[in-house]
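So the structure is just underneath, and the comments pick up after that.
Computed over heavy atoms, backbone and side chain alike; hydrogens, waters and symmetry mates excluded. Order of the sequence lines sets the chain letters (A, B, ...), proteins ahead of strands, with each chain counted from 1. The shown structure was predicted, so the numbers you read here are calculated from the model rather than taken from an experiment.
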Amino acid sequence: MEKLKLYNTLHRKKEEFKPIEPEKVKLYTCGLTVYDYAHIGNLRTYIFEDVLKRTLQYNNYDILHVMNITDIGHLTSDADEGQDKMVLSAKKEHKSVWKIAEHYTKAFEKDLKNLNILFPDYHVKATEEIEAMIDLIKRIEDNGYTYQSRGNVYFDISKCEDYGKLANLDLDNLQAGARIEVDNAKKNPHDFVLWFTKSKFDDQEMKWDSPWGKGYPGWHIECAAISTKYLGDHFDIHCGGIDHIPVHHTNEIAQAEAATGEKWVNYWLHGEFLIFKHHKMSKSRNEFLTLETLKEKDYSPLVYRYFCLGAHYRKKLNFSYESLDSARESLKRIRDKIVHIEDNLDTSFGDAQYIKKLKGDFISQINNDLNMPGALAVMWEVLKTDKIGNKEKYDLLMDFDKVLGLRLEDSRRIIKQKKQEKVNTDLVEKLIKEREEAREKKNWSKADEIREKLDNLGVEVRDGAKGTEWRIK
RNA sequence: GGCGACAUAGCCAAGUGGCUAAGGCGGGGGUCUGCAAAAUCCCUAUUCCCCGGUUCGAAUCCGGGUGUCGCCUCCA
């Protein structure tokens with residue numbers, strides 16, 4: 001069997017995956033900051049991580065998966081400048097920050113469910129792990145990597161031997177403050193805050209006691225503390241969006257390795273952006289689409305999932321409604337074919353060699369750094385081939401869907417549900433019956449008239465040997 | 001200014017040194033059908049942004065252009 005290879009950002013190349021413990025994978029994925037709805041660009045990353053997790057499962061690994069929820073407000077910079085997104089959102093909506101966090105956490109979890117994303121074993125709120133963060137900061141402090149300045153505790157990157165190794169940062173030539181002013185309380189512009197006691201927001205609701213005074217944690221400490229608490233000082237895979245490489249993940253590594261004195265994570269995987277109108281989709285750009293927006297436009301979450309599977313996770317993906325239409329059409333055909341296969345499961349033939357080849361092709365695609373476009377091509381070959389029977393097709397497709405996560409086993413139910421949502425099925429059935437009667441009498445003009453009527457309802461009529469079937473267009 | 005990506009058909013998108021450049025959508029044609037739809041079959045890139053180079057051989061490697069994007073504030 002083709003071995004699983006993953007692109008490790010740490011070494012900028014594909015590497016064979018070898019877990020720390022045999023058969024077990026400890027996986028950490030950065031979660032969402034819950035001050036607003038997740039947009040479909042955010043969700044692309046969670047789909048990629050889900051595919052990773054499913055591929056690991058397909059390779060027979062047991063997975064321990066942890067994801068955080070950033071429900072603490074964070075300033076837009078360590079310099080205590082800019083706006084706290086949580087606070088801002090709370091003010092805008094006239095709610096407490098706690099309520100804001102709760103609302104958007106629920107919405108996010110609903111999105112994950114709709115996208116058929118497997119839930120993490122632990123979905124951890126940052127606000128419930130303050131103690132773990134304080135403990136980690138203490139360890140970092142004990143090892144001499146911190147200093148205090150103007151009330152805040154800073155991480156001193158000059159104490160790190162290899163700060164920036166993940167991102168290949170060239171600190172001498174990085175223009176810190178190219179876009180914002182540098183916090184002059186810092187010794188080095190790239191130092192970052194571990195614990196704040198000062199905030200320009202007097203009404204900051206979220207504050208906790210700490211050895212350094214009442215305040216709140218810096219952003220990067222959260223993931224480092226939560227991941228090491230649940231997965232240990234050394235674990236297998238850490239994922240996130242590509243934007244996290246230079247700052248967030250770089251700082252997480254600095255903190256964790258300063259605390260433990262040993263190598264932290266073996267494999268770093270990063271998902272590329274979703275591009276919308278020539279730019280990455282972003283909240284600040286103020287034109288972002290949510291899963292709900294897509295649903296309103298009649299694109300189901302699984303259509304979006306299929307759309308994302310159409311591109312490799314390390315490549316930018318251009319979003320357009322034209323492409324989404326294409327994904328919707330493809331998924332509709334897949335489901336129709338599966339229903340057809342289910343209805344004719346009695347055919348069973350095909351040589352074992354060919355079946356083995358199909359399965360082998362699929363594995364070599366997913367195990368080649370999660371090449372999902374390639375995996376989909378194999379799925380289409382199964383759907384279309386006449387070299388194997390329906391029984392064999394069905395088994396292969398359901399097996400592949402463990403990784404694809406398109407809920408193919410539910411095809412029939414999804415089609416039925418769509419019918420019930422869109423039209424009055426009793427009325428449609430009645431019209432279909434009338435039309436069949438008209439057709440028997442060869443009253444074509446009446447039959448066509450009814451077909452026209454159904455067409456206007458959004459119903460597509462299919463006359464076949466076994467009678468007339470119908471689908472929502 | 002520094003760093004990092006990317007450029008493959010009408011659209012989306014695999015492939016990264018060697019059989020006919022995957023697959024999906026769209027389009028064209030045939031079969032089927034009362035006519036349609038669906039299904040099915042066939043066709044739809046002599047060529048991979050441009051110019052050089054390496055090589056028996058390059059979309060794939062190297063150099064130089066051009067263009068687009070991302071990061072260096074928070075961000076998936």
With rounding to the closest Å, how many angstrom separate the P atoms on G28(B) and U33(B)? 23 Å

Trp380(A) near the nucleic acid: base, sugar-phosphate alone, or nothing, with a heavy-atom cut-off under 4.0 Å? sugar-phosphate

Quick one: label His270(A) by what it contacts on the DNA or RNA (base, sugar-phosphate, nothing), any heavy atom closer than 4.0 Å. nothing

Need one value for Tyr46(A): base, sugar-phosphate or nothing, where a base atom within 4.0 Å counts as base even if backbone is also close, heavy atoms only. sugar-phosphate

With rounding to whole Å, what would you report as the distance between G23(B) and C42(B) at their P atoms? 11 Å

So what does Leu43(A) touch, heavy atoms closer than 4.0 Å: a base, only the sugar-phosphate, or nothing? nothing

The ring pair (Phe, Tyr, Trp, His ring centres under 6.0 Å) partners of Phe48(A) (sequence neighbours excluded) come to Tyr313(A)

If you look at every strand shown and take non-hydrogen atoms under 4.0 Å, does His340(A) touch a base, only sugar-phosphate, or nothing? nothing

Tell me the interatomic distance from Leu317(A), atom CG, to C69(B), atom C1', rounded to whole angstroms. 14 Å

Report yes or no: is there a donor-acceptor pair, N or O only, under 3.5 Å between the side chain of Asn371(A) and the base of G15(B)? no

Between C3(B) and U44(B), how far apart are the P atoms? Round to whole Å, please. 45 Å

Can you label the angle between the Phe196(A) ring and the Tyr216(A) ring as parallel, tilted or perpendicular, going by 30° and 60°? parallel

Please work out which of the three classes, parallel, tilted or perpendicular, describes the rings of Phe288(A) and His39(A), given edges at 30° and 60°. tilted

Rounded to the nearest angstrom, tell me the gap between atom CG in Leu376(A) and atom C1' in A14(B). 10 Å

For atom CZ of Arg471(A) and atom P of A38(B), their distance in whole Å: 12 Å

Could you state the atom-to-atom distance from CD of Glu460(A) to C1' of A38(B) in whole Å? 6 Å

Length of the CE-P vector between Met372(A) and A22(B), whole Å: 21 Å

For U16(B) and A21(B), measure between their P atoms and round to the nearest Å. 15 Å

Looking for any heavy atom pair under 4.0 Å, which part of the strands does Leu274(A) touch: base, sugar-phosphate only, or nothing? base

Checking all strands, does Ser326(A) fall into the base, sugar-phosphate, or nothing category for heavy-atom contacts under 4.0 angstrom? base

Mind checking whether Trp268(A) and His270(A) have parallel, tilted or perpendicular rings, split at 30° and 60°? parallel

Whole-Å distance separating the CG atom of Asn318(A) from the C1' atom of G10(B): 15 Å

Between A39(B) and Asp336(A), counting only base atoms on the nucleotide and side-chain atoms on the residue, is there a donor-acceptor pair under 3.5 Å? no

Heavy atoms under 4.0 Å, any strand shown: does Arg314(A) hit a base, just sugar-phosphate, or nothing? nothing

Can a side chain N or O of Lys384(A) be found less than 4.0 Å away from OP1 or OP2 on G24(B)? yes

In the structure shown, which nucleotide is the Watson-Crick or G-U wobble counterpart of C48(B), with both distances under 3.5 Å? none

Step by step, work out the salt bridge (Lys or Arg N to Asp or Glu O under 4.0 Å) result for Arg412(A) and Asp343(A). CA-CA 10 Å; Arg412(A) 187 187 304 274; Asp343(A) 287 340; 2.8 Å; yes

Base, sugar-phosphate, or nothing for Gly271(A), non-hydrogen atoms under 4.0 angstrom? nothing

Do Arg462(A) and A37(B) have a side chain to base donor-acceptor pair shorter than 3.5 Å? no

By nearest nucleotide on RNA chain B, pick out whichever of Glu322(A) and Lys332(A) is the more 5' one. Glu322(A)

If pairing requires Watson-Crick or G-U wobble contacts with both distances under 3.5 Å, which nucleotide is the partner of U33(B)? none

With both distances under 3.5 Å as the test, what is the Watson-Crick or G-U wobble partner of C61(B)? G53(B)

Once you measure the plane-to-plane angle for Phe307(A) and Phe319(A), does it fall in the parallel (<30°), tilted (30-60°) or perpendicular (>60°) bin? perpendicular

Pair assignment for G70(B), Watson-Crick or G-U wobble, requiring both distances under 3.5 Å: C3(B)

So, under a plain 3.5 Å distance rule, would you say the side chain of Arg328(A) forms a donor-acceptor pair with the base of C25(B)? no

His190(A) atom NE2 is separated from C3(B) atom P, nearest whole Å, by 14 Å

OP1 or OP2 of G70(B) less than 4.0 angstrom from a side-chain nitrogen or oxygen of Lys315(A), does that happen here? no

Write down the partner of A14(B) under the Watson-Crick or G-U wobble criteria, each distance required to be under 3.5 Å. none

More 5' along RNA chain B: Arg435(A) or Asp325(A), using each one's nearest nucleotide? Asp325(A)

Would you indicate what Val247(A) reaches in the nucleic acid, counting non-hydrogen atoms under 4.0 angstrom: base, sugar-phosphate, or nothing? sugar-phosphate

Cation-aromatic face contact Arg44(A)/Phe273(A), 6.0 Å, 45 degrees: no

Using the C1' atom in both, what is the distance from G26(B) to C50(B), to the nearest Å? 29 Å

Nearest whole angstrom, please: distance from the P of A76(B) to the CD1 of Ile245(A). 15 Å

Answer with base, sugar-phosphate or nothing: what part of the nucleic acid does Glu272(A) contact at a heavy-atom distance below 4.0 Å? base

